Q: 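If you scroll down you'll find the structure; I have some questions about it.
Quick caveat, the model's predicted, so the values are computed rather than measured. In what follows, chains carry the letters A, B, and so on, assigned in the order in which the sequence lines appear, proteins first and then strands, with residues in each chain numbered from 1.
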Amino acid sequence: MRISTFGYTLKQGLKNIFRNKIFSLATIATIGACVFLFGLFYSVVMNFQNIVKEAQSGIAVTVFFDEDISDERIREIGDLISLRAEVSNIEFVSADEAWETFKREELGEYVETFGDDNPLDTCANFEIYLNDVSMQDALVTYLESIDGIRDINKSVIVANILSSMNSLISYVSIGIIFILLAVSIFLISNTVAIGITVRKEEISIMKLIGATDFVVRSPFVIEGILLGLVGAGIPLVAIYFIYNNVIEYVVGRFTILDSLLTFLSAKTVFSTLVPISIIMGVGIGFLGSFVTVRKHLKV
Amino acid sequence: MRISTFGYTLKQGLKNIFRNKIFSLATIATIGACVFLFGLFYSVVMNFQNIVKEAQSGIAVTVFFDEDISDERIREIGDLISLRAEVSNIEFVSADEAWETFKREELGEYVETFGDDNPLDTCANFEIYLNDVSMQDALVTYLESIDGIRDINKSVIVANILSSMNSLISYVSIGIIFILLAVSIFLISNTVAIGITVRKEEISIMKLIGATDFVVRSPFVIEGILLGLVGAGIPLVAIYFIYNNVIEYVVGRFTILDSLLTFLSAKTVFSTLVPISIIMGVGIGFLGSFVTVRKHLKV
Amino acid sequence: MIILEDVSKSYSTGAPALNGISLHIEPGEFVFIVGDSGSGKSTLIKLLLRELTPTSGKIFVNKYDLSKLKRRKIPKFRRNIGVVFQDFRLLKDRNVYENVAFAQRVIEVPPREMRKNVPSMLSMVGLAEKYKARPRELSGGEQQRVALARALVNKPPILLADEPTGNLDPKNSWEIMKLLEEINKSGTTVLVVTHNREIVNAMRKRVITMKKGIIVSDEKKGGYIDED
Amino acid sequence: MIILEDVSKSYSTGAPALNGISLHIEPGEFVFIVGDSGSGKSTLIKLLLRELTPTSGKIFVNKYDLSKLKRRKIPKFRRNIGVVFQDFRLLKDRNVYENVAFAQRVIEVPPREMRKNVPSMLSMVGLAEKYKARPRELSGGEQQRVALARALVNKPPILLADEPTGNLDPKNSWEIMKLLEEINKSGTTVLVVTHNREIVNAMRKRVITMKKGIIVSDEKKGGYIDED
Ligand SMILES: Nc1ncnc2c1ncn2[C@@H]1O[C@H](COP(=O)(O)OP(=O)(O)OP(=O)(O)O)[C@@H](O)[C@H]1O
Ligand SMILES: Nc1ncnc2c1ncn2[C@@H]1O[C@H](COP(=O)(O)OP(=O)(O)OP(=O)(O)O)[C@@H](O)[C@H]1O
Ligand SMILES: [Mg+2]
Ligand SMILES: [Mg+2]
């Protein structure tokens, strides 16, 4: 290919965009809408997963000791536990601390009906935080084999709920994102297909004059890639602003939820969202024009 | 308009669909994809709101009485409270019942450190369930004015979290559904616009032969309505099956969540989803063709 | 029937296509319009159909003052005019029968009559057998005859034909011209744009010659004027 | 240069458009193809360009056996042929200059030469001033001349022209025919489909007459054959 031909091809690709304004706008709009929806749900889903993960990290397995245990042995047990892979953090809680926490968190209104004694004087314990709630059972099995442990409190229900929620949300997210991707690809190729059908005549004329498939196709492919790029870029910018504002608004408006919900920074979300969207836009723009032009090249 | 002309118009509308197969498929696909996404999120959002609403209905305001109160007065107070509009249900809990519940729900592992006495012997109370958690403050103000009430336990945090969650979800849902609707309308009119631009020439020829706007436009409008109807119908059927299967799967797979999550029946969701979708499909099909044809009628 | 008073038409680009044309055509006349390529003949036809509006000047067709014609009234006005476009303008995705029948549907001819008129018109232009073909399945000349059939099927009071025989062989061209002459005899005002010197010279009708947007000659029983 | 051996072509509908045509055209010949509307002239041209493939028979053009031509090789084959289509087939959204230049780009003419060739070709067909116009801003005859300029600009060894003067006035038509004759004299094999009896009779070239898909006459220095 001559350099002049290459330059011409590039120029034609750009010109095509302005020649078929309605079609170009429609394509950009379609790609834009799809990337927009995709990005929106991707952000929501990422945050959802993050919130559940944060909630999980607050769940602890509590270990109570035999009544006649020595401080020495307690320390030994603590060392053993912290060596386990599934343990992220371990904390010793003395009997007095346990009673204070219990009074504060559980008794509430009823606290005045108890005296000044500590009814929990045998309740010194370890609070063990896990890397992943689903690994709780493995840890408990191990703990049960350790000498000197009287009882293990494993908050089965909350742990199970959280781990179920986690996988449910993962499934639903993957499902939704997959559906969105499929719908997007479908819609975009649709738009590209109609657009190129309109130019079927143009393609056949070029071929009859003796142009090769490559020469006919190149401007369309370049056009597709450019439209994909613009179509993916606009909604990304939009989502960036929306994302920051919505989070600011939610944090400001629902202060009560603030402690429960930890939102991801825009940077974290966009570090994966941007490449996925750009690849999606450009890839579909490229493939869409490449495939649909081919259909009309057989002249 | 002659009857023969009317029949012809109808027939042309139908024929147009088959004449421009790519365009018809593209339109149906676009409307279908949009209604599909819309329906999907509508179902998810409806269920979400329902779950939060169910959770709210489990929240109670607890009322404790003066220590020297008569049973007579307790009954009087109970009658007064049940007359309030915001109250959905009121339950009397005796001191013994309170202690049993407390032992079961709050003490858990620690229960054995308490004796057989009931430390809560002054804790007979009313549990008052509300129609709407956000009305709690109004009720509490009223309760404080009643004679013979020692203390009111209003579970501020959970109530606030739930009511915040409720309005957050409402906002997000309305936002998402609004965005989806806007994107749908945009995409569909886009497709219709490209399709009709292709037929610009056809429209101008008809007008030059002396056809009125009405005659030129009618087949396009009929075509638009039919495409809208088909485009909305297909995803509704798809969502119906997906919905039932997904709920069945979730309930079966995540038994632990079953007690927490109450799903709406397909019938409940579809009683509003179907009319909205059909109106959306047909309305956009109608408006899309009506408006875009007009642009080309000025010949 | 057709009156032009000092009509000019400029497109957005280039020199004016028509430059101060005045013209009277009586009801029942048969007029040839000839002239160089690009001299404004098609522009004139488009103005008479009100596909275009003049930049200046007044046009009256069939007693309608086109400058005062409301948009709503245009379809009714056009129903009195049969047109053959230079580029045919057939409805691409309808067959030959439907293309011709469409003109009848526009004036709401009862279906029974339509089913007689259309085939008889098609056989008059020699396309009786091709009634089921789509325009793109026809040869150039066949398409041109479909366009002619569509213009004639309503027996309009005015016929505007822009180069109706450009893609036809001499024999076919002559037959078409005879057909137009016949229709003219039954009362239709006929305007034919043509490059066919043989036919213009043989038929001895009124000939209007255009050049660069003006009328350079207008002769009763005229002939094709050659410059060289 | 061009050889047809017992070539037939049937479209999916209707009678065969070509019915056992055999034909030899030597390099450097100038041939008119005439015949009734629908007799298969355009079909023949389309077969020679390999826009269509014959139902049966063999076609050789410029030493290529079209039945054995690989899809990949078609563009190269077509670059030796200049074509004027009956319906012009201009690129609608490019201007006159770009339409003509496109043929040059296809054979990768250096830009510097192209910037000389295209304007000189446009002024040869009398469209030097219209180089910026889009096809729809041109009159019928102007479009036809753009199509001709595009076919000629590469100085191809073979020229196929389907009705290249159908929308042109007699003077313009003559000028175009003189141009084709000149190009023929410089070595190009020229095939012209036409209905212009005057020109065919005056030029005394080889004339092939078709009727209903067969060749009914083939005369050196012939004329237009009238049945009546
Ligand atoms: N839409 C347009 N925009 C700009 N210029 C135009 C347009 N249509 C026609 N013209 C120009 O106006 C002039 C007259 O065009 P018109 O089509 O009336 O010519 P004509 O007499 O019909 O020619 P022909 O015999 O070749 O068909 C031409 O020079 C043409 O280039
Ligand atoms: N795509 C097609 N499908 C079916 N029939 C066709 C098709 N193209 C042409 N025909 C038919 O084949 C016959 C020959 O057509 P062709 O275009 O070769 O005629 P032609 O000699 O060029 O006529 P004209 O002088 O009118 O252009 C005609 O009867 C036409 O109706
Ligand atoms: Mg013209
Ligand atoms: Mg032909």
Q: Could D:Asp218 and D:Arg206 be called an ion pair, given the rule that one side-chain N must be under 4.0 Å from one carboxylate O?
A: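 Counted as a salt bridge, because a side-chain N and a carboxylate O are separated by less than 4.0 Å.
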Q: Mind listing the closest non-hydrogen atom pair of C:Ile176 and C:Arg145 along with its distance?
A: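 What the structure gives for the nearest pair is CD1-CG, 4.4 Å.
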Q: Of the listed residues (C:Ser139, C:Ser37, C:Gly35, C:Gly14), which shares the most heavy-atom pairs with chain D below a 4.5 Å separation?
A: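 It is C:Ser37.
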Q: Highest number of heavy-atom pairs under 4.5 Å with chain C: which of D:Ala133, D:Gly166, D:Ala17, D:Ser42?
A: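 Ranked by heavy-atom pairs under 4.5 Å with chain C, first place is D:Gly166.
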Q: Is D:Phe88 close to chain C through its backbone or its side chain, or both, or neither, when contacts mean heavy atoms under 4.5 Å?
A: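 Interface part for D:Phe88: neither.
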Q: In this structure, which one of D:Leu127, D:Leu148, D:Val153 forms a side-chain contact (heavy atoms from CB on, under 4.5 Å) with D:Met121?
A: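 Checked D:Leu127, D:Leu148, D:Val153 against D:Met121; only one passes side-chain contact (heavy atoms from CB on, under 4.5 Å): D:Val153.
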Q: Identify which part of D:Asn167 has an atom lying under 4.5 Å from any heavy atom of chain C, answering side chain, backbone, both or neither.
A: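 When you check distances to chain C, atoms from both the backbone and side chain of D:Asn167 fall under 4.5 Å.
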Q: Can you confirm whether D:Leu18 sits close enough to D:Pro54 that some side-chain heavy atom of one is under 4.5 Å from a side-chain heavy atom of the other?
A: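 Not in contact.
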Q: In terms of heavy-atom proximity below 4.5 Å to chain C, should D:Thr13 be classed as side chain, backbone, both, or neither?
A: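 Answer is side chain: those atoms of D:Thr13 sit under 4.5 Å from chain C.
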Q: Before accepting this row, confirm whether a basic side-chain N of the pair D:Arg134/D:Glu98 lies closer than 4.0 Å to the acidic partner's carboxylate O.
A: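 No, no charged N to carboxylate O under 4.0 Å.
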Q: Of the listed residues (C:Lys130, C:Glu198, C:Glu142), which shares the most heavy-atom pairs with chain D below a 4.5 Å separation?
A: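 So the answer, after comparing C:Lys130, C:Glu198, C:Glu142, is C:Glu198.
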Q: Per the side-chain contact (heavy atoms from CB on, under 4.5 Å) rule, which among D:Leu49, D:Thr188, D:Val61 passes with D:Ile158?
A: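 It is D:Val61, the one option of D:Leu49, D:Thr188, D:Val61 that forms the side-chain contact (heavy atoms from CB on, under 4.5 Å) with D:Ile158.
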Q: Specify which of D:Pro170, D:Gly38, D:Gly126, D:Ser39 makes the most heavy-atom pairs with chain C at under 4.5 Å.
A: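 Ranked by contacts with chain C, first place is D:Pro170.
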